[in-house]
Amino acid sequence: MEGNLVLITFSFYLIAALICLVLLWCKQHTLEKIGIICTIIAFILLNTVLIYRSLLAGRLPGSNLYEFLLFFAWGMSATYLFILIKYKLQSSGVFILPLITGVLGCAALFSSRIQPLMPALQSPWLKFHVSVAIIGYSVFAVSFALAMMSLLKVPVSINHHKSLDDLIYGCNALGFSFLTLVLITGAIWAEQAWGTWWSWDPKETASLITWLVYGFYLHLRHTSIWSNKRGAILTCLGFFAVLFTLMGISLLVPGLHSYT
Amino acid sequence: MTDNKRETDCRTGLGWGSLLWSFLTSIRIALLLFTIIALACLPGIFIPQGEDPLFYYHNYGDLVGSLITALDFDKVFNSSWFFVLCLLLFINLLACTVQRWQNFYRCVIKQPSLPAGLHFLGSPFIHTGLVLVLLGAFIGAYYSYEHYCEIAVPGFQAITLGKQRYELKAEGFNIEYHTDGSPSQYFTKLKLIKDGNNLCEKTISVNNPLSYQGLKVYQFNYGWLLDLSLEKDGQSRNFLVKDGDQLALNEDGSELIQMRFYPDWARDAKGHPISRTPQPNNPQLAFLRTSDGFPVDIGMLKPQESAELSDGLKITFSGYRNYTGLHVKKDPGVPIVFTGFLFLGCGIPLHYLVSSKRRRKGE
């Protein structure tokens, strides 16, 4: 049942993504509305999947890559809907909806079996560590979408007298704060479970690189070498680092976080 | 206040001192260090760390292999060049932190507008937190002690951490299981003893270590110890062998007995021996005796069973018990690192208060 539900959710996101793409060429009010409705239906379906799974497992999803990717897709959708409602930035969907669709597709590659938690994962820190990671990564996904819009000069109109660049900066600063919390909660947990708060595990190292990229972005903004274009490029680079940390490491490099 | 302004503030004073100061607190230097450190981490991810030099020659070829070992890419995070990079970042960070506290002092204390001024604490707090984290990491790298030990249960072991001698006594060990048979938690009932005095007593588990004045004992792993006796020409000797290890029968190690313990012995579909569960429901010991690498004897033993081997050697499987693998650690850097985390945890929300305030003012 869960597999079918994920497939239907996937299809709705795919339709919403295609509509967003079509909207770039022909602005049509009805189509715009259909796109938003599809996104909302997909989001409700994704919520159902996650709640169903949480009830079945008796805990928050996020203890293997399949669950984390579903949760990540949920986080991105929630953040996208937020900026859709607050800033009316539907065109950002051109980049973020395919991303959500892709992440859901990737999730299908991993085992969806509900496994009991191994001893190291049995800690109250798991919830915090995963939740702040979801928020941080989702916000970075949105800033990536906005940065792509800025780089490809997608026409936008934002209310609240904000420029696209300000919005990217806000997202990156928020994401950076949550990434810092991911590293802190992970370190405290690792100290409790393994006796070392930092062990240069590939995933830790990749997160540190991600953190340095966004740290670079935030500091660059205060210097004279700053330009909006450079900021947008750095934002994209940062998000590639996020994706690499999340998926690349789990698939390519063995380590403490490889979920095996 | 932007950092451009800060940079010009620093340049108003002349002389080498202020030049050095503006160099140390330069954001561009920080950006350069960020870039170099991020790039330096890459070999640490993609090249397996801490292997034997031969591994790199074998897998990457002679030229690349020799480059990897020469540049310490096989142990990036323990290399001196990486340490120097971290030290440079630390100096830069320390200078920036001092500068941020100076700015806070100038902005808020001299023109008091507290508690509104509290919001300006964000950036100094975040930078102080990072200084403490790096400081704790340096202290931990040089002054921490670590020890791994395997203790038969029940049993004890003496451990030395620096100049201190302790004794660890494992009084019990048990495993709890999920319904599917996979282990849910490992528990060791532990006593920490020094000079005959009982310092601390606790049943530890994964994620729940014993902690005594900075010394911590972690549940690391577990395994089986096998009690064996070998008898030849009327002479008998007892051995305690770890599951998976091999027992050398002669000095040069050409005569070996390899042991494999199956707590819940069964055969899989292909007829290979497996352990159905980690629980000792049907314990059996498989042994393989080799001479110069060639198999000589092979057999299975239940507890208390004996077997006669080819040259009159008699092997008896007397019993089995658990050992608990413990990781003992004393790291004086941890409290400093955690204080740093506290500063970061406070600094981030404070920083947000200031930016949202600025936003409302339309700055």
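If you're wondering where the values come from, they're calculated on a predicted model, not measured in any experiment. Naming: A, B, ... by sequence-line order, numbering from 1 per chain.
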Exercise for the section: State the OG-CG distance between B:S184 and A:L121, to the nearest 0.5 angstrom. Expected result: 12.5 Å

Problem - Non-hydrogen side-chain atoms of A:S224 and B:R28 separated by less than 4.5 Å - result: yes

Exercise for the section: Evaluate the ring planes of A:F244 and B:F46, with Trp represented by its six-membered ring, and classify them as parallel (under 30°), tilted (30 to 60°) or perpendicular (over 60°). Expected result: tilted

Handout entry: Interface moiety of B:F341 toward chain A, non-hydrogen atoms closer than 4.5 Å
Key = both

Exercise for the section: Hey, could you give me the CH2/CD1 distance between A:W200 and B:I45, rounded to the nearest 0.5 Å? Expected result: 10.0 Å

Completion exercise
Separation between CZ (A:F216) and CG (B:L32), nearest 0.5 Å, reads 8.5 Å

Practice task
Enter the distance from B:N207:CG to A:L126:CG here, rounded to the nearest 0.5 Å.
Solution key: 9.5 Å

Practice task
For A:P119 and B:P183, work out which heavy atoms get closest and say how close.
Solution key: CD-O, 3.7 Å

Handout entry: Side chain, backbone, both or neither of B:A137 within contact of chain A (heavy atoms, under 4.5 Å)
Key = both

Exercise for the section: Could you please spell out the steps behind the side-chain contact (heavy atoms from CB on, under 4.5 Å) verdict for A:M118 and B:V206? Expected result: CA-CA 10 Å; A:M118 55 186 261; B:V206 180; over 6 Å; no

Exercise for the section: Evaluate whether atom NZ of B:K189 has more than 12 neighbouring non-hydrogen atoms of other residues, nucleotides or ligands under 6.0 angstrom away. Expected result: no

Practice task
Could you label the plane-to-plane angle of the A:H219 and B:F34 rings as parallel, tilted or perpendicular, counting under 30° as parallel and over 60° as perpendicular?
Solution key: perpendicular

Practice task
Sort A:L208 into side chain, backbone, both or neither according to what part of it lies under 4.5 angstrom from a heavy atom of chain B.
Solution key: side chain

Practice task
Heavy-atom distances under 4.5 Å only: say whether A:A173 touches chain B with side chain, backbone, both or neither.
Solution key: both

Exercise for the section: For residues A:W197 and B:V337, report the shortest heavy-atom separation together with the two atoms involved. Expected result: CZ2-CG2, 3.4 Å

Exercise for the section: May I ask you to check whether over 12 heavy atoms, not counting those of B:F23, lie within 6.0 Å of atom CZ? Expected result: no

Exercise for the section: Flag the one option from A:Q122, A:R221, A:E191 with the top tally of heavy-atom pairs under 4.5 Å to chain B. Expected result: A:E191

Handout entry: Segment of A:T180 engaging chain B (4.5 angstrom heavy-atom cut-off)
Key = side chain

Practice task
State yes or no: are the ring centers of A:W198 and B:F77 separated by less than 6.0 Å?
Solution key: no

Handout entry: Contact class of A:T196 relative to chain B, heavy atoms under 4.5 angstrom
Key = both

Problem - From CD (A:Q192) to CG (B:N208), nearest 0.5 Å - result: 7.5 Å

Completion exercise
The interface call for B:L89 against chain A, heavy-atom contacts under 4.5 Å, is neither

Handout entry: Heavy-atom proximity to chain A below 4.5 Å, by part of B:L33
Key = neither

Practice task
Count the heavy atoms belonging to other residues, nucleotides or ligands that lie under 6.0 Å from CZ of B:F83, then report whether that count exceeds 12.
Solution key: yes

Practice task
Pick one of side chain, backbone, both or neither for B:V328, based on which atoms fall under 4.5 Å of a heavy atom in chain A.
Solution key: neither

Fill in the blank from the handout: For A:G195 and B:Y218 the tightest heavy-atom approach is CA-CZ, 3.1 Å

Practice task
Would you indicate whether B:F90, at its atom CZ, is surrounded by more than 12 heavy atoms from other residues, nucleotides or ligands within a distance under 6.0 Å?
Solution key: yes

Problem - From CA spacing to verdict: side-chain contact (heavy atoms from CB on, under 4.5 Å), B:H178, A:Q115 - result: CA-CA 10 Å; B:H178 291 295; A:Q115 283 161 314; over 6 Å; no

Exercise for the section: Can you measure from CG (A:L212) to CG (B:L39) and round to the nearest 0.5 angstrom? Expected result: 10.0 Å

Problem - Option in A:I209, A:L181, A:I184 with maximal non-hydrogen atom pairs under 4.5 Å from chain B - result: A:I184

